[in-house]
Amino acid sequence: SIDQPCFYEVEEYLDISDYYLNTGSPEKGLSVLRKSLIHYPGNEELLLSLAGLLIFVYDFEEAKDIIDSLEGCEDSEYIYLRAQLVYAIEKDVNEAERLFSKWLKTEEELNRYEYEEDEAETRMRGNYVHILMSFIQLSDNCDRELLASWIDEYISRFTPLGICESDYIV
């Protein structure tokens, strides 16, 4: 009946929040996640998603409170969000880089077991893009040398798209 309260599975709340973010309504996404935590209090996936969306809207302090409450969380997203906050709030580039590197290693291990080689590489390429965008978006004055070092690491790690070994056979 229409008068019955309803709630969704965790994945559905996450999908709805992502929809709002992708359609330019992050505040609606935040509202969905906050309501979801009424039904699933303390759910790590929802809390991590909420923290990520709060970082997206530059509410670093609330995001930090959430991440701090999840100390010891094993999810790789926790490491990524912690790195973003260390960079955005503390401006500690070395610690942010250490955490981003740790996140990449964790993701690489997960991808190795969950995806075929091509898909795993595509996901890792995307992870580097996420790191670069974090450095750009979370700083008023992004350090070009910092970006260059991560871009150099990316280039040294991956074959450029569209280049095959057969291109070099003479």
Side-chain angles (χ1 to χ4, degrees), residues 11 14-15 17-24 26 29-30 33 44-64 66-68 70-170:
E11 284 301 318
L14 293 169
D15 289 343
S17 175
D18 284 345
Y19 166 79
Y20 283 127
L21 176 61
N22 292 330
T23 58
L30 286 170
L33 291 172
E44 283 185 1
E45 274 186 285
L46 293 170
L47 287 168
L48 288 169
S49 188
L50 179 58
L53 195 44
L54 287 165
I55 291 169
F56 180 80
V57 298
Y58 300 98
D59 188 344
F60 301 133
E61 292 305 322
E62 186 178 353
K64 184 180 183 315
I66 292 169
I67 291 301
D68 288 348
L70 294 172
E71 188 69 40
C73 176
E74 298 292 323
D75 194 299
S76 69
E77 187 73 8
Y78 170 85
I79 300 167
Y80 175 75
L81 296 173
R82 172 73 71 193
Q84 286 188 309
L85 289 169
V86 164
Y87 184 70
I89 296 173
E90 299 170 24
K91 309 297 186 209
D92 187 340
V93 174
N94 292 331
E95 179 64 6
E97 285 191 291
R98 187 189 72 73
L99 288 167
F100 279 132
S101 293
K102 180 179 178 181
W103 175 67
L104 283 174
K105 287 179 183 169
T106 304
E107 284 293 298
E108 185 170 34
E109 286 182 26
L110 291 171
N111 290 339
R112 186 177 317 139
Y113 296 108
E114 292 184 29
Y115 302 101
E116 297 291 326
E117 187 176 340
D118 287 348
E119 176 64 18
E121 181 176 315
T122 299
R123 295 179 72 81
M124 288 304 293
R125 288 175 183 268
N127 290 342
Y128 274 88
V129 171
H130 284 294
I131 291 169
L132 290 168
M133 292 309 298
S134 292
F135 284 131
I136 292 167
Q137 292 175 336
L138 299 175
S139 173
D140 296 331
N141 186 17
C142 186
D143 181 345
R144 291 185 183 275
E145 288 180 27
L146 173 66
L147 289 178
S149 71
W150 280 90
I151 291 169
D152 288 344
E153 182 177 326
Y154 175 93
I155 290 169
S156 70
R157 181 170 183 169
F158 301 110
T159 303
L161 293 175
I163 295 180
C164 303
E165 286 183 24
S166 61
D167 292 342
Y168 298 104
I169 297 175
V170 180

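Keep in mind it's a predicted model, so treat the numbers as computed, not measured. All residue numbers refer to positions in the sequence shown, counting from 1.
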- Item | Lys105/Glu108 ion pair, N-O < 4.0 Å | no

- Residues in side chain to side chain contact (heavy atoms under 4.5 Å, CB included) with Phe158, at least two apart? Glu121, Met124, Arg125, Tyr128, Tyr154

- Report the distance from atom CG of Leu132 to atom CD of Gln137, rounding to the nearest 0.5 Å. 11.0 Å

- Query: If you measure from SG on Cys142 to CE on Met133, what distance do you get to the nearest 0.5 Å?
  - Reply: 10.0 Å

- Message: Angle between ring planes, Trp103 versus Tyr80, binned at 30° and 60°: parallel, tilted or perpendicular?
- Response: tilted

- Item | Closest approach of Leu138 to Lys91 (non-hydrogen atoms, all atoms of both residues) | O-NZ, 4.1 Å

- Task: Could you check Trp150 against Ser101 for side-chain contact (heavy atoms from CB on, under 4.5 Å), going step by step and ending with a plain yes or no?
- Result: CA-CA 10 Å; Trp150 280 90; Ser101 293; 3.7 Å; yes

- For the student: nearest non-hydrogen atoms of Ile66 and Ala51, plus distance: CG2-CB, 3.9 Å

- Query: Counting N and O atoms only, with roles assigned by atom type, does the side chain of Ser139 sit under 3.5 Å from a partner on the main chain of Phe135, one being a donor and the other an acceptor?
  - Reply: no

- Message: side-chain contact (heavy atoms from CB on, under 4.5 Å) for Asp143 and Val93? Distances and angles first, verdict last.
- Response: CA-CA 10 Å; Asp143 181 345; Val93 174; 6.0 Å; no

- Task: Verify side-chain contact (heavy atoms from CB on, under 4.5 Å) between Ile131 and Glu97, making sure each step is shown before the conclusion.
- Result: CA-CA 9 Å; Ile131 291 169; Glu97 285 191 291; over 6 Å; no

- Task: Give a yes or no on whether the ring-centroid distance for Phe60 and Tyr58 is below 6.0 angstrom.
- Result: yes

- Task: Take Glu71 and Arg82 through the salt bridge (charged side-chain N to carboxylate O under 4.0 Å, His left out) test and state the conclusion after the steps.
- Result: CA-CA 10 Å; Glu71 188 69 40; Arg82 172 73 71 193; 3.2 Å; yes

- Message: For Ser76, run the side-chain hydrogen bond (donor to acceptor under 3.5 Å, both in side chains) check against Glu107, Lys102, Glu109 and tell me which one passes.
- Response: Glu107

- Message: So, taking the atom named CZ in Arg112 and the one named CZ in Arg123, what distance separates them when rounded to the nearest 0.5 Å?
- Response: 14.5 Å

- Item | Output field: ring centroids Tyr87/Phe100 closer than 6.0 Å | no

- Message: Using every non-hydrogen atom in the two residues, find where Ser17 and Gly29 come nearest and quote the distance to one decimal.
- Response: OG-O, 3.4 Å

- Is it true that atom CD of Glu114 has more than 12 heavy atoms of other residues, nucleotides or ligands lying nearer than 6.0 Å? yes

- Value rounded to 0.5 Å, distance of CG in Leu33 from CG in Leu54: 8.5 Å

- Output for pair (Asn94 CG, Leu99 CG), nearest 0.5 Å, gives 11.0 Å

- Item | Closest heavy-atom pair and its distance - Leu48, Leu81 | O-CD1, 3.3 Å

- Any pair counted as ring-ring contact (aromatic ring centres under 6.0 Å, His included), so long as it reaches residues 104-123, sequence neighbours left out: none

- Note on the structure: CG of Asp92 to CZ of Arg98, rounded to nearest 0.5 Å, is 9.5 Å

- Task: Work out which heavy atom in Leu30 is nearest to a heavy atom in Leu53; give both atom names and the distance.
- Result: N-CD2, 3.5 Å

- Item | side-chain contact (heavy atoms from CB on, under 4.5 Å) assessment of Arg144 paired with Leu147 | CA-CA 5 Å; Arg144 291 185 183 275; Leu147 289 178; 5.5 Å; no

- Query: Between Arg157 and Asp152, is there a salt bridge with N-O shorter than 4.0 Å?
  - Reply: no

